[in-house]
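Residue numbers run from 1 in the order of the sequence given.
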Amino acid sequence: SNNNPYTLFGATLARDEEQNLWSTPHDVTHTEADDDRVLYNMIVVRNQLDKDSEEWQKLNYDIYTLRQTRKEVRSRWKHILEDLGFQKEADSLLSVTKLSIISDSQNMSKARDILLKLSEETNIFPTSWELSERYLFVVDRLIALDAADEFFRMASAAYPKRPGGDRLDEAPRALQS
């Protein structure tokens, strides 16, 4: 039999509570991006282990920690969006599915630059975080709304880069491997 978890991953895969790929059970906004596959693979491996084993407990903790980190990052973005005046639109601006598209292909380069700048010059993401394609779509939406520069300014003020990091930086680095 083929033990490669990627062979099980696909658009037709039935999604249940344990196969959630973003943050909370029944979250339909997940994508099938690389960072989601890391989490999915961890879940597949964990589900093949004996629940009483130390390895199962460690993987379960790592899965929980990764989901909590993702929730915290999303919460930071939502907080800034609400401060920008998008109280009613924040959730929809952050909603990214596999059907989401970039509004203007000419914005792609600018969106990547802003996302990289957010990663390098703010603490909105944990240090060990690999940039998620999900937030590229969000930045694209902010560019279309002419709010990307203001979002960056507010993120810089609310989450300035600090040497030594914050509690998000304490997430196990093994999660990204």
*Report the residues that fulfil side chain to side chain donor-acceptor pair (under 3.5 Å) with D83, sequence neighbours left out, ordered by chain and then residue number.*
H79

*Do any N or O atoms from the side chain of S75 and from the backbone of K71 form a donor-acceptor pair under 3.5 angstrom?*
no

To the nearest 0.5 Å, what is the distance between [atom1] on [X] and [atom2] on [Y]?
| X | Y | atom1 | atom2 | value |
| --- | --- | --- | --- | --- |
| R141 | E89 | CZ | CD | 12.5 Å |
| N47 | L59 | CG | CG | 9.5 Å |
| M154 | L81 | CE | CG | 9.5 Å |
| R46 | N60 | CZ | CG | 4.5 Å |

Residues 108-120, side-chain donor-acceptor partners within the protein, below 3.5 Å, at least two apart:
none

Can you see which heavy atom on [X] is nearest to which on [Y], and at what distance?
| X | Y | answer |
| --- | --- | --- |
| P126 | T69 | CG-CG2, 3.7 Å |
| I43 | R67 | CD1-NH2, 3.4 Å |
| I143 | A148 | CG1-CB, 3.7 Å |

*asked:* With side chain to side chain contact (heavy atoms under 4.5 Å, CB included) as the criterion, how do Y159 and F125 come out once you've worked through the C-alpha distance, each side chain's angles and the decisive distance to 0.1 Å?
replied: CA-CA 9 Å; Y159 304 105; F125 297 113; over 6 Å; no

*Do I124 and V73 pass the side chain to side chain contact (heavy atoms under 4.5 Å, CB included) test, and can you show the C-alpha distance, the side-chain angles, and the key distance before you say yes or no?*
CA-CA 7 Å; I124 198 164; V73 169; 5.5 Å; no

Could you pull out all residues at least two apart from [X] that satisfy side chain to side chain contact (heavy atoms under 4.5 Å, CB included)?
| X | answer |
| --- | --- |
| S156 | T122, F152 |
| Q57 | none |
| R153 | E150 |
| K78 | R74, E82, A90, D91, L94 |

*asked:* Which residue is it: D140, V139, L142, L136? I am looking for the one with a side chain to side chain contact (heavy atoms under 4.5 Å, CB included) to N107.
replied: D140

*Counting only heavy atoms not in D50, do more than 12 sit closer than 6.0 Å to its CG atom?*
yes

*Sidechain N-carboxylate O distance under 4.0 Å for E72, R76*: yes

*Please report the C-alpha distance between L145 and F86 in whole Å, then the side-chain angles of each, then the deciding distance to 0.1 Å, and finally whether the side chain to side chain contact (heavy atoms under 4.5 Å, CB included) criterion is met.*
CA-CA 11 Å; L145 294 168; F86 295 110; 3.9 Å; yes

